[in-house]
J.: 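For reference, the structure I am asking about is given below.
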Amino acid sequence: MLDKTYVPADVEAGRDAAWEAAGRYRAGGNGTPYCIMMPPPNVTGSLHMGHALTFTVQDTLTRFRRMQGRATLWQPGTDHAGIATQMVVERELAAAGESRQELGREAFTERVWQWKEESGRTIVTQLRRLGASPDWSRERFTMDDGLSEAVRRAFVTLHRQGLIYKDKRLVNWDCQFHTAISDLEVVSKEVKGHLWHIAYPIEGTGETIEVATTRPETMLGDTGVAVHPDDDRYRHLVGKHVLLPLVGRRIPIVADAYSDPEKGTGAVKITPAHDFNDFEVGRRNDLEAISILDADGRINDAAPETYRGLDRFVARDRVVADLEALGALVKVEPHTHMVPFGDRSNTPIEPFLTDQWFCDAVTLAKPAIEAVETGRTTFVPRSWESTYFEWMRNIQPWCISRQLWWGHRIPAWYGPDGAVFVATSTAEAESLAYAHYGRAEPLTQDADVLDTWFSSALWPFSTLDWPNESPELARFYPTDVLVTGFDIIFFWVARMMMMGLHFMGEVPFREIYIHGLVRDEAGQKMSKSKGNVVDPLELIDAYGADALRFTILASLSQGRDIKFGVSRVQGYRNFVTKLWNASRFCELNGCRLVPGHAPEAVNETLNRWIVADLAATTVLVTDALEAYRFNDAALALYRFVWDRFCDWYLELAKPLLDGEPTAAAETRATAAFVLDQVFRLLHPMMPFVTETLGEQLLDAQPNGLIAQPWPTPSDLAAPEAKAEIEWLIQLVSEVRAARAELRVPAGIKLPLHVAEADALTTARLARYDAALRRLARVSKVHLGGQPPVGGTLQVVVDAVTYVLPLAGEIDLDEERGRLTRERSKLEKDVARIEQKLGNAQFVAKAPAEVVDEQRERRAEGLATLQRLDAALARISV
RNA sequence: GGGCGCGUAGCUCAGCGGGAGAGCACUACGUUGACAUCGUAGGGGUCACUGGUUCGAUCCCAGUCGCGCCCACCA
């Protein structure tokens with residue numbers, strides 16, 4: 001027996017464990033493979049709304065395909081998340097008065113592993129509460145032995161192919177974390193600063209040349225001044241030298257097209273070691289690159305002594321003050337510009353000259369671009385392809401080394417003379433070194449680790465045991481769809497495309513479904529600092545995972561972010577309750593699945609109608625899920641269950657259920673059949689409640705709905721049943737509306753007179769006598785004879801007038817007003833149609849079916865108008 | 001500067017060439033065997049603006065205005 005009220009916690013508790021114990025999540029089966037790679041959440045993470053969204057979508061697809069009989073693998077795992085995790089553990093250490101440096105590298109990484117074992121499972125536990133059904137038995141972590149092996153193999157291979165190399169270049173340097181970061185990890189922020197104009201004295205002329213800068217402290221590293229070759233103002237100065245104030249260095253004035261005569265003074269100071277553009281100018285003009293900062297962002301020994309050891313921002317003030325004292329400061333203007341910040345440290349990033357490992361993304365991108373161009377991989381929605389192309393076609397070398405301790409150590413070893421041996425293991429490196437030196441030499445491994453995204457890029461095949469040729473790899477690669485947010489197209493999607501194509505020779509996924517972000521009700525990005533985060537676990541506690549999932553899916557329209565309001569979850573929780581109560585009603589009425597019951601062979605019009613409607617809904621839902629239109633799928637089911645099954649089918653079934661036994665039995669069987677199908681259709685979206693209802697109501701196999709076949713629509717179309725039930729619905733609705741508008745008290749039942757009923761109407765009125773009594777509050781149906789005149793309600797349905805006398809209790813003016821309003825509305829419609837049909841161009845050029853449809857509507861409208869006129873005339877008598 | 005997207009009912013959003021829709025909110029009423037986490041009925045919209053294409057435009061095209069996001073940035 002179902003409980004009187006739906007309590008999500010009761011329904012959801014223990015179900016995940018039961019499903020898993022029953023082996024329901026395991027990949028396998030004989031069907032066509034279907035694989036989704038779970039984007040591995042950070043081990044540091046806890047479930048937020050973005051996770052709830054993406055994992056709900058993935059789980060819905062997984063459950064849907066599993067029910068369709070596909071051999072389904074949803075591959076789960078977590079990411080070691082280099083900087084993020086190191087930060088968390090360092091923060092813990094700091095709280096305990098310790099530091100990473102004190103601990104030393106080995107003890108520190110040991111500590112991180114320990115932390116990972118203790119706290120790294122949070123997100124997995126939370127995923128289970130959401131109802132996620134990946135194959136947990138295959139769970140992976142990016143720093144597992146197998147995946148680490150894959151990383152080394154990939155690195156070594158790319159290195160041998162010349163696609164990974166070491167280079168001394170300017171990189172983005174994070175002064176807080178002491179590491180290089182990639183371009184993608186840099187975010188630009190608008191900062192209010194100044195533009196300082198400085199006069200540099202020109203050697204031997206007594207003249208000065210004025211430059212402008214937003215970063216005066218970098219002048220300590222200036223090694224040139226550039227002017228445009230065509231700039232007449234400065235042409236005579238090219239080749240001369242300036243004496244750098246405060247430093248005294250003699251640096252050349254060079255001609256370089258980089259300098260823009262329109263900007264600033266037209267002359268620009270060149271600091272190759274501290275600016276990406278200047279670095280290129282320096283290269284072209286053979287200027288020295290003098291780095292004046294250390295890894296902390298403090299002035300180093302290359303600068304004059306007075307500035308050494310000063311933080312770069314302190315040094316800035318000092319330099320400005322000193323220039324002013326010298327009289328070299330021409331002017332200062334307020335200036336707003338974009339400054340690069342580290343996305344994790346949130347501190348200003350310095351261009352910094354260091355040795356780093358780079359990956360030749362330019363080469364790797366080519367096949368990845370081509371794969372999308374030729375449609376081997378497609379984006380959904382399609383519009384993201386241009387974003388992908390834009391970035392891939394302008395891709396820069398990818399800096400993959402990080403000066404961190406937590407991550408995959410770079411598999412490169414150095415001999416005493418600095419010779420590099422790149423190998424998948426120490427032993428291999430040693431043997432390479434032996435071959436090189438002709439004897440054993442002590443080697444030291446590169447101290448750096450790899451960018452977290454390097455291992456993530458391998459995820460679609462490293463989790464399937466690559467480089468081993470496992471059966472899973474052969475079976476599930478390429479995967480079917482990648483589900484993710486647009487924010488990591490560059491970080492992750494693009495890189496998986498590159499690595500997948502390079503190592504597997506095939507795209508990692510055939511489709512990429514890009515969903516929007518979850519924002520708060522005001523459309524703001526959710527963030528802890530804004531205090532507007534909604535915790536999905538709190539929502540699950542309050543409304544259930546089913547309601548949360550359904551809300552997400554129903555709100556998900558392609559190409560749009562979700563503005564998330566709690567009231568919507570409430571609304572869909574109510575929907576779950578509705579389903580619960582409808583099921584309860586069926587249970588109370590003994591609705592059971594009947595073996596051998598053929599739904600398409602039912603006789604009762606009502607049953608034929610609901611079976612046909614269910615079939616149409618099944619098609620809608622299936623198509624929508626296949627096309628990633630989750631909102632359409634959710635809405636179709638919502639409407640079917642609430643508007644049609646509950647509001648009409650069950651109401652109209654009530655008289656049948658305690659009527660004639662054959663019809664009653666058929667109705668019970670049909671109701672059970674429909675519920676069973678609805679549970680299946682809803683299961684991918686709300687797995688918990690559907691499984692529970694199926695078990696309790698339909699004697700289903702325990703924990704078995706998840707493995708039931710997806711419904712195939714019956715081929716019953718039943719247009720006659722559709723027409724009849726729609727007629728009934730319209731009649732009941734019209735009578736209800738008329739009664740409500742004239743404020744007929746609900747308790748009063750009215751007789752219904754039909755003077756000129758045709759045979760069809762007569763039969764229908766007899767068939768639905770009980771329904772009309774219940775739903776339209778009709779006391780008795782009178783056929784034929786003169787309809788009563790005077791105080792009556794009158795409604796017109798399908799050109800038949802129904803008269804409901806209300807002797808003495810009706811306000812004739814109100815009824816006249818009601819009918820008149822209805823008439824004028826209809827009249828306008830008809831007028832518009834007539835205008836259309838009167839247009840020769842329309843009749844000539846519009847498709848025939850459109851014209852016919854308009855003619856039909858005109859005929860119907862005119863007939864109803866006539867009836868309304870007659871009804872009005874009767875009132876006036 | 002380049003790219004993408006959005007302006008439809010009070011709010012959140014579907015629809016996207018031929019009758020303006022849903023949920024929530026709002027108003028009124030509560031007869032009915034599962035459901036007040038409910039039922040019944042109702043009000044509410046020059047579909048941002050201006051042109052164009054078309055027999056016909058909320059829908060297609062161009063432009064204008066407003067808003068959002070991404071990428072690259074000039075000292």
J.: When the P atoms of A57(B) and U50(B) are compared, how many Å lie between them, rounded to an integer?
T.: 14 Å
J.: Check whether any side-chain heavy atom of F564(A) lies under 4.5 Å from a side-chain heavy atom of M49(A), and answer yes or no.
T.: yes
J.: Between G10(B) and C26(B), how far is it from one P atom to the other, in whole Å?
T.: 15 Å
J.: Rounded to whole Å, how long is the line connecting atom CG of L184(A) with atom C1' of A72(B)?
T.: 13 Å
J.: Report the secondary structure of RNA chain B in dot-bracket form, marking unpaired bases with a dot and bases paired to a different strand with |, and treating Watson-Crick or G-U pairs with both distances under 3.5 Å as paired.
T.: ((((((((.[[[[.)..(..]]]].(((((.......))))).....[[[[[..)....]]]]])))))))....
J.: Please write out each protein N/O paired with an N/O of nucleotides 13-16 of chain B under 3.5 Å, distance rounded to 0.1 Å.
T.:
from	atom 1	to	atom 2	distance (Å)
C13(B)	OP2	K563(A)	NZ	3.1
C13(B)	O3'	R560(A)	NE	3.4
A14(B)	OP1	S557(A)	OG	2.3
A14(B)	OP1	R560(A)	NE	2.5
A14(B)	OP2	R560(A)	NE	2.9
A14(B)	OP2	R560(A)	NH2	2.9
A14(B)	O5'	S557(A)	OG	3.4

J.: Taking the C1' atom in each of G43(B) and G2(B), what is the distance between them to the nearest angstrom?
T.: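 After rounding to an integer number of Å, I get 48 Å for this pair.
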J.: Could you check how far CD of E390(A) sits from P of C73(B), rounded to whole Å?
T.: 12 Å
J.: Are any protein N/O atoms closer than 3.5 Å to N/O atoms in nucleotides 55-59 of chain B? If there are, list each pair with its distance.
T.:
from	atom 1	to	atom 2	distance (Å)
C55(B)	OP1	K845(A)	NZ	2.3
C55(B)	O2'	N839(A)	ND2	2.9

J.: Could I get the full list of ring-ring contact (aromatic ring centres under 6.0 Å, His included) partners for H197(A), not counting sequence neighbours?
T.: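 With sequence neighbours excluded, H197(A) shows a ring-ring contact (aromatic ring centres under 6.0 Å, His included) to no residue whatsoever.
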J.: Tell me which pairs pass salt bridge (Lys or Arg N to Asp or Glu O under 4.0 Å) where either residue lies in residues 380-398 of chain A, with sequence neighbours left out.
T.: E373(A)-R393(A), R382(A)-E385(A)
J.: Go through it in stages, so that I can follow the logic: the residues are S824(A) and E827(A), the test is side-chain hydrogen bond (donor to acceptor under 3.5 Å, both in side chains), and I'd like the CA-CA distance, side-chain angles, deciding distance and then a yes or no.
T.: CA-CA 5 Å; S824(A) 75; E827(A) 201 174 23; over 6 Å; no
J.: What interatomic distance, in whole Å, is found between P of C24(B) and the corresponding atom of C59(B)?
T.: 29 Å
J.: Toward the 5' end of RNA chain B, which comes first, V744(A) or Y638(A), by nearest nucleotide?
T.: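 It is Y638(A), whose closest nucleotide lies nearer the 5' terminus.
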J.: Aromatic rings H337(A) and H335(A): how do their planes relate, parallel, tilted or perpendicular, breaks at 30° and 60°?
T.: tilted
J.: If I take atom CZ in residue F379(A) and atom C1' in nucleotide C4(B), what distance separates them, rounded to the nearest angstrom?
T.: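 Result: 13 Å.
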J.: Does anything in residues 269-281 of chain A reach RNA chain B, meaning a heavy atom under 4.0 Å, and if so which residues?
T.: N277(A)
J.: Could you work out, with ring-ring contact (aromatic ring centres under 6.0 Å, His included) as the rule, every residue matching F490(A), not counting sequence neighbours?
T.: W391(A)
J.: So do the side chains of T484(A) and I514(A) get within less than 4.5 Å of each other, counting heavy atoms only?
T.: yes
J.: Determine which pairs satisfy side-chain hydrogen bond (donor to acceptor under 3.5 Å, both in side chains) with at least one residue from residues 830-839 of chain A, sequence neighbours left out, and list them in order.
T.: D829(A)-R832(A)
J.: So how far is it from D183(A) CG to I349(A) CD1, rounded to the nearest 0.5 Å?
T.: 11.0 Å
J.: For the pair made of CZ in R832(A) and C1' in A20(B), what is the distance, rounded to whole Å?
T.: 10 Å
J.: Between C61(B) and C6(B), how many Å separate the two P atoms, rounded to a whole number?
T.: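 Per the computed distance, 11 Å lies between those P atoms.
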J.: If every non-hydrogen atom of F575(A) is compared with every non-hydrogen atom of L637(A), which pair is closest and at what distance?
T.: CZ-O, 4.0 Å
J.: Less than 4.5 Å apart, side chain to side chain, heavy atoms only: is that true for R215(A) and D275(A)?
T.: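 In short, these two side chains do not touch, never coming nearer than 4.5 Å.
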J.: What do you reckon, are the aromatic ring centroids of F379(A) and W384(A) less than 6.0 Å apart?
T.: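 They do not qualify: ring centres at least 6.0 Å apart.
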J.: Walk along nucleotides 30-39 of chain B from 5' to 3' and tag each nucleotide B, S or - by protein heavy-atom contact under 4.0 Å, base first, then sugar-phosphate.
T.: -BSBBB-BSS
J.: Could you give the CD1-to-C1' distance, from I729(A) to A41(B), as a whole number of Å?
T.: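 For the pair I729(A) CD1 and A41(B) C1', the rounded distance is 16 Å.
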J.: Which one, G19(B), C73(B), C4(B), comes nearest to the side chain of Q854(A)?
T.: G19(B)
J.: In Å, rounded to the nearest 0.5 Å, how long is the span from CZ of R568(A) to NZ of K563(A)?
T.: 12.0 Å
J.: Under the side-chain hydrogen bond (donor to acceptor under 3.5 Å, both in side chains) rule, collect the residues that match up with D623(A), sequence neighbours excluded.
T.: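 Not a single residue meets the side-chain hydrogen bond (donor to acceptor under 3.5 Å, both in side chains) criterion with D623(A).
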J.: Contact class for R215(A) vs. all strands (heavy atom < 4.0 Å): base, sugar-phosphate, or nothing?
T.: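 No contact at all - R215(A) keeps every heavy atom at 4.0 Å or more from the nucleic acid.
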J.: Using a cutoff of under 3.5 Å, can you pull out all pairs of nitrogen or oxygen atoms linking the protein to nucleotides 42-48 of chain B, with atom names and distances?
T.:
none

J.: Would you kindly say whether Q570(A) and S567(A) are connected by a side-chain donor-acceptor distance under 3.5 Å?
T.: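 Not at all, the side chains of Q570(A) and S567(A) share no donor-acceptor pair under 3.5 Å.
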J.: Could you check whether R818(A) pairs with E815(A) (Lys NZ or Arg NE/NH1/NH2 to Asp/Glu carboxylate O, under 4.0 Å)?
T.: yes
J.: F486(A) CZ to C4(B) C1': how many Å, rounded?
T.: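 Rounding to the nearest Å, CZ of F486(A) and C1' of C4(B) are 10 Å apart.
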J.: Under 4.0 angstrom, heavy atoms only, what part of the nucleic acid is L195(A) near: base, sugar-phosphate, or nothing?
T.: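 Contact class for L195(A): sugar-phosphate only.
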J.: Please give the distance between the P atoms of A9(B) and C47(B) as a whole number of Å.
T.: 10 Å
J.: Need one value for H228(A): base, sugar-phosphate or nothing, where a base atom within 4.0 Å counts as base even if backbone is also close, heavy atoms only.
T.: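 Since no nucleic acid heavy atom lies under 4.0 Å of H228(A), the category is nothing.
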J.: Can you tell me how far apart CG (D561(A)) and OG (S555(A)) are? Round to the nearest 0.5 Å.
T.: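 Rounded to the nearest 0.5 Å, the CG-OG separation comes out at 12.0 Å.
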J.: Can you find a heavy atom in the side chain of C586(A) that is under 4.5 Å from one in the side chain of L650(A)?
T.: yes
J.: Can you tell me, in whole Å, how much space there is between the P of A22(B) and that of C29(B)?
T.: 23 Å
J.: Rounded to whole Å, how long is the line connecting atom CG of L742(A) with atom P of A28(B)?
T.: 19 Å
J.: Holding to ring-ring contact (aromatic ring centres under 6.0 Å, His included), I want the full list of residues that pass it with Y768(A), two or more places apart in sequence or in another chain.
T.: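 Expected list: none.
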J.: Expressed as a whole number of angstroms, how long is the span from F389(A):CZ to C70(B):C1'?
T.: 17 Å
J.: Within 45° of the ring axis of Y638(A) and under 6.0 Å from its six-membered ring centre, is that where the NZ or CZ of K578(A) lies?
T.: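 No.
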J.: Mind checking if F490(A) touches a base, just sugar-phosphate, or nothing, with heavy atoms under 4.0 Å?
T.: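 Contact class for F490(A): sugar-phosphate only.
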J.: Can you check the distance between C67(B) and A28(B), where both ends of the measurement are the C1' atom (answer in whole Å)?
T.: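 Taking atom C1' in both C67(B) and A28(B), they lie 38 Å apart.
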